[in-house]
Amino acid sequence: MLKSTAHLFLTLVVAALPLAAISAEDKKADDALMEPVKSVLDHYLKIQGELAKDSIKGVDEHAAAIAKAVKGDAMKMLSPDVAKQADTLAQAKDLKAARAAFKPLSASLVKYLADNKSGVGTYHEAYCPMVKASWLQTGKAIKNPYMGKQMLSCGELKN
């Protein structure tokens with residue numbers, strides 16, 4: 001009886017190991033992008049998408065939400081510079097100003113993900129040599145927020 005109980009226990013432990021490993025990886029990915037970082041990146045991607053379509057629709061609201069999330073973060077996960085950059089973007093009155101303000105915000109978020117080794121496989125850094133600037137996107141197809149429809153696919157993925 002004891003031998004069969006030990007065997008059953010061992011079988012259950014071995015069967016559960018792959019599940020524990022998957023769960024640990026998922027947890028690690030979740031931990032790497034805790035709030036407000038996840039929220040900031042969600043708003044950022046909406047801005048990136050609009051700029052790629054030559055639009056500033058909703059950019060002010062998303063940028064303001066980024067600034068609010070960063071300022072309200074008691075753990076200070078993101079630099080206060082991100083809030084300032086987002087505030088500047090929220091004030092942009094046209095596409096040219098929005099794209100100019102998007103550059104430093106993108107640089108800060110690219111640096112954050114690289115420094116914290118997070119978002120790998122989800123967020124891809126893309127770079128446009130025409131404007132000498134990077135941005136983050138989730139898909140592999142280049143959607144350049146700096147060039148928009150003029151040169152939407154200009155750029156390359158860096159990771």
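By the 4.5 Å heavy-atom criterion applied to side chains, Leu78 and Leu109 are counted as neighbours. Between Tyr112 and Ser118, the closest side-chain pair of non-hydrogen atoms falls below 4.5 Å.
Distance check, rounded to the nearest 0.5 Å: OG1 of Thr88 to CG of Leu105 gives 9.5 Å. Summarising the geometry, atom CD belonging to Glu61 is positioned 13.0 Å from atom NZ belonging to Lys68; distances are rounded to the nearest 0.5 Å.
The salt bridge (Lys or Arg N to Asp or Glu O under 4.0 Å) check on Asp73 picks up nothing, with sequence neighbours excluded. Scanning for salt bridge (Lys or Arg N to Asp or Glu O under 4.0 Å) contacts around Asp94 gives an empty result, with sequence neighbours left out. Taking the salt bridge (Lys or Arg N to Asp or Glu O under 4.0 Å) definition, one finds that Asp81 meets it with Lys84, sequence neighbours left out. Residues satisfying the salt bridge (Lys or Arg N to Asp or Glu O under 4.0 Å) criterion with Lys158, sequence neighbours excluded, are absent altogether. Considering only residues two or more places apart in sequence or on other chains, Met130 meets the side chain to side chain contact (heavy atoms under 4.5 Å, CB included) condition with Cys128, Met147, Met151, Cys154. Asp54 is linked by a side chain to side chain donor-acceptor pair (under 3.5 Å) to Arg99, counting only residues two or more places apart in sequence or in another chain. For Gln85, the side chain to side chain donor-acceptor pair (under 3.5 Å) partners at least two apart in sequence or on another chain are Ser108. Scored by the side chain to side chain contact (heavy atoms under 4.5 Å, CB included) test, Ala98 finds Leu51, Ile56, Leu89, Ala92 as partners (sequence neighbours excluded).
Scanning both residues, Leu157 and Gln137, for their nearest heavy atoms gives CD2-NE2, 3.9 Å. Nearest heavy-atom pair across His124 and Gly139 is CD2-O, 3.7 Å. What you find for Asp60 and Ala90 is that their closest heavy atoms are CB-O, 3.5 Å. Here the shortest heavy-atom pairing between Ile47 and Ala63 reads CD1-N, 3.7 Å. Minimum heavy-atom separation, Asp87 to Ala67: OD1-CB, 3.2 Å.
Applying the salt bridge (Lys or Arg N to Asp or Glu O under 4.0 Å) definition to pairs two or more places apart or across chains, none involves residues 145-156. For residues 63-87, the set of pairs meeting the ring-ring contact (aromatic ring centres under 6.0 Å, His included) definition, not counting sequence neighbours, is empty. Screening residues 136-159 for ring-ring contact (aromatic ring centres under 6.0 Å, His included), with sequence neighbours left out, gives Phe102-Tyr146, Trp135-Tyr146.
Under the 4.5 Å side-chain heavy-atom criterion for ILVMFWY residues, no single connected hydrophobic cluster contains both Val120 and Val110. A continuous path of hydrophobic side-chain contacts links Val82 to Met77 [ILVMFWY only; heavy atoms under 4.5 Å].
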Atom pairs and distances, side-chain donor-acceptor, residues 35-46, under 3.5 Å, sequence neighbours left out:
residue : atom : partner : partner atom : Å
Glu35   : OE1  : Ser39   : N            : 3.1
Lys38   : NZ   : Asp42   : OD1          : 3.2
His43   : ND1  : His62   : ND1          : 2.9
Tyr44   : OH   : Ser106  : OG           : 2.6
Tyr44   : OH   : Leu136  : N            : 3.0

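Residue Lys132 qualifies as open at atom NZ: its count of foreign heavy atoms under 6.0 Å is 12 or below.
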